[in-house]
Amino acid sequence: MQIKQFEIWIADLNPQIGTEPGKTRPVLVIQTDLLNNVSHPSNLVSSLTTNVKKDLEILKVHVRDGVANVNQPCDIMMDQIRAIDNKRLLKRVGLLPEELSNVVKENIKIITDID
């Protein structure tokens with residue numbers, strides 16, 4: 001399976017520990033395609049939630065229903081970035097548009113304080 005940066009996948013995130021998002025849910029692939037193209041065994045992702053919080057612009061990136069084939073409004077949880085084994089990725093959903101990919105990049109810079 002070919003995985004690409006800024007694709008949304010369904011992933012099995014169980015078991016959940018503490019405040020980690022659990023269950024089977026969409027995730028956004030954040031990892032660079034430099035690693036994805038060499039069949040790196042894990043991936044850096046950020047979970048999506050349908051618990052939309054429009055007032056948290058840095059911690060959440062809002063995705064409208066229909067965008068990238070998501071079937072309801074959701075938020076990319078920028079404070080929930082984690083590495084997962086590629087075996088947790090079950091099904092490709094869609095590709096985030098460039099406009100939202102750029103917002104994700106900017107928010108990663110802000111929350112990590114990296115230029």
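One-based numbering along the sequence shown.
Of the listed residues (Asn107, Val29, Ile30, Ile108), just one forms a side chain to side chain contact (heavy atoms under 4.5 Å, CB included) with Ser46, and that residue is Ile30.
Considering all non-hydrogen atoms of both residues, Leu96 and Ser101 come closest at O-OG, 3.5 Å. Nearest heavy atoms, Arg25 versus Leu48: NH1-O, 2.5 Å. Residues Thr50 and Gln72 share a closest heavy-atom pair of CG2-NE2, 2.7 Å. Taking every heavy atom of both residues into account, Phe6 and Val104 meet most closely at CE2-CG1, 4.0 Å. Closest of all the heavy-atom pairs between Leu44 and Ala83 is CD1-N, 4.0 Å.
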After noting the C-alpha distance and the side-chain angles of Met77 and Lys60, does the key distance pass the side chain to side chain contact (heavy atoms under 4.5 Å, CB included) rule?
-> CA-CA 5 Å; Met77 297 184 284; Lys60 313 288 184 195; 3.6 Å; yes
Evaluation steps, side chain to side chain contact (heavy atoms under 4.5 Å, CB included), between Gln31 and Val45 | CA-CA 7 Å; Gln31 181 168 284; Val45 301; over 6 Å; no
After noting the C-alpha distance and the side-chain angles of Asn43 and Val27, does the key distance pass the side chain to side chain contact (heavy atoms under 4.5 Å, CB included) rule?
-> CA-CA 11 Å; Asn43 222 293; Val27 296; over 6 Å; no
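Residues Asn36 and Gln5 bring no donor and acceptor atom of their side chains to less than 3.5 Å of each other.
The salt bridge (Lys or Arg N to Asp or Glu O under 4.0 Å) analysis of residues 84-100, with sequence neighbours excluded, yields the pairs Glu7-Arg92.
Using a 4.5 Å heavy-atom threshold, the side chains of Lys23 and Leu13 count as separate. Between Ile10 and Val93 the shortest side-chain heavy-atom distance falls below 4.5 Å. Using a 4.5 Å cut-off on side-chain heavy atoms (C-beta onward), Val61 and Met78 make contact. For the pair His62/Asp75, a side-chain contact is recorded, criterion being any heavy-atom separation below 4.5 Å from C-beta on.
Both Leu59 and Ile110 belong to a single network of hydrophobic side chains, linked directly or stepwise wherever heavy atoms of I, L, V, M, F, W or Y lie under 4.5 Å apart.
Enclosure of atom CG in Leu90 by more than 12 non-hydrogen atoms of other residues, nucleotides or ligands within 6.0 angstrom is indicated.
From Ser47, atom OG reaches atom CG of Leu28 across 10.0 Å, with rounding to the nearest 0.5 Å. Ile3 contributes atom CD1, which lies 3.5 Å from atom CG of Asn86 (distance to the nearest 0.5 angstrom).
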